[in-house]
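Presented below is the structure to which this report refers.
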Amino acid sequence: MTTEPWVTALDVAQHLGVAKDTVYRWRERKGLPAHKIGRLWKFQLSEVDEWVRTGGAAESADGASTE
């Protein structure tokens, strides 16, 4: 059985092509899946990809970007 590695916010930012601050903002305001391990936030790219596919990173209804 292969386990998916836990990655950092910087890894997620590079994966999605956004700033690291955007990753933290999405986690806080839009429910980007993350897990707190000690003082660090860790992510699994499969959960992040699913969140994006289901519209989690979409702009708000008024058209303003939350990035």
Side-chain angles (χ1 to χ4, degrees):
M1 179 173 124
T2 305
T3 345
E4 182 178 354
W6 294 96
V7 299
T8 65
L10 181 58
D11 295 325
V12 173
Q14 291 172 340
H15 179 70
L16 296 177
V18 299
K20 184 172 76 170
D21 290 344
T22 300
V23 172
Y24 284 118
R25 191 174 311 114
W26 283 348
R27 181 200 54 79
E28 186 178 309
R29 298 182 188 167
K30 298 188 107 188
L32 176 67
H35 306 270
K36 195 163 187 180
I37 301 173
R39 293 175 32 197
L40 304 174
W41 285 99
K42 296 291 185 168
F43 305 81
Q44 290 196 316
L45 292 179
S46 63
E47 292 179 351
V48 171
D49 288 342
E50 182 62 24
W51 178 81
V52 170
R53 282 188 195 97
T54 59
E59 292 183 354
S60 62
D62 64 4
S65 174
T66 56
E67 191 171 335

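Numbers here are sequence positions counted from 1.
By the side chain to side chain contact (heavy atoms under 4.5 Å, CB included) test, Arg53 is found to be paired with Asp49, Glu50, residues two or more places apart in sequence or in another chain being considered. By the side chain to side chain contact (heavy atoms under 4.5 Å, CB included) test, Ser46 is found to be paired with Glu4, Gln44, residues two or more places apart in sequence or in another chain being considered.
Heavy atoms only, all atoms of each residue included: Glu47 and Pro33 are closest at O-CG, 3.6 Å. The two atoms that bring Val7 and Val12 nearest to each other are CG2-CG2, 3.9 Å, heavy atoms only. Residues Ala9 and Lys20 come closest through the heavy atom pair CB-CG, 4.0 Å.
Of the inter-residue distances, the one linking Asp11 atom CG with Leu45 atom CG reads 7.0 Å to the nearest 0.5 angstrom.
Judged as a ring-ring contact (aromatic ring centres under 6.0 Å, His included), the pairs with a partner in residues 27-56 (not counting sequence neighbours) are, in order, Trp6-His35, Trp26-Trp51.
The shortest distance between side-chain heavy atoms of Thr8 and Lys42 falls below 4.5 Å.
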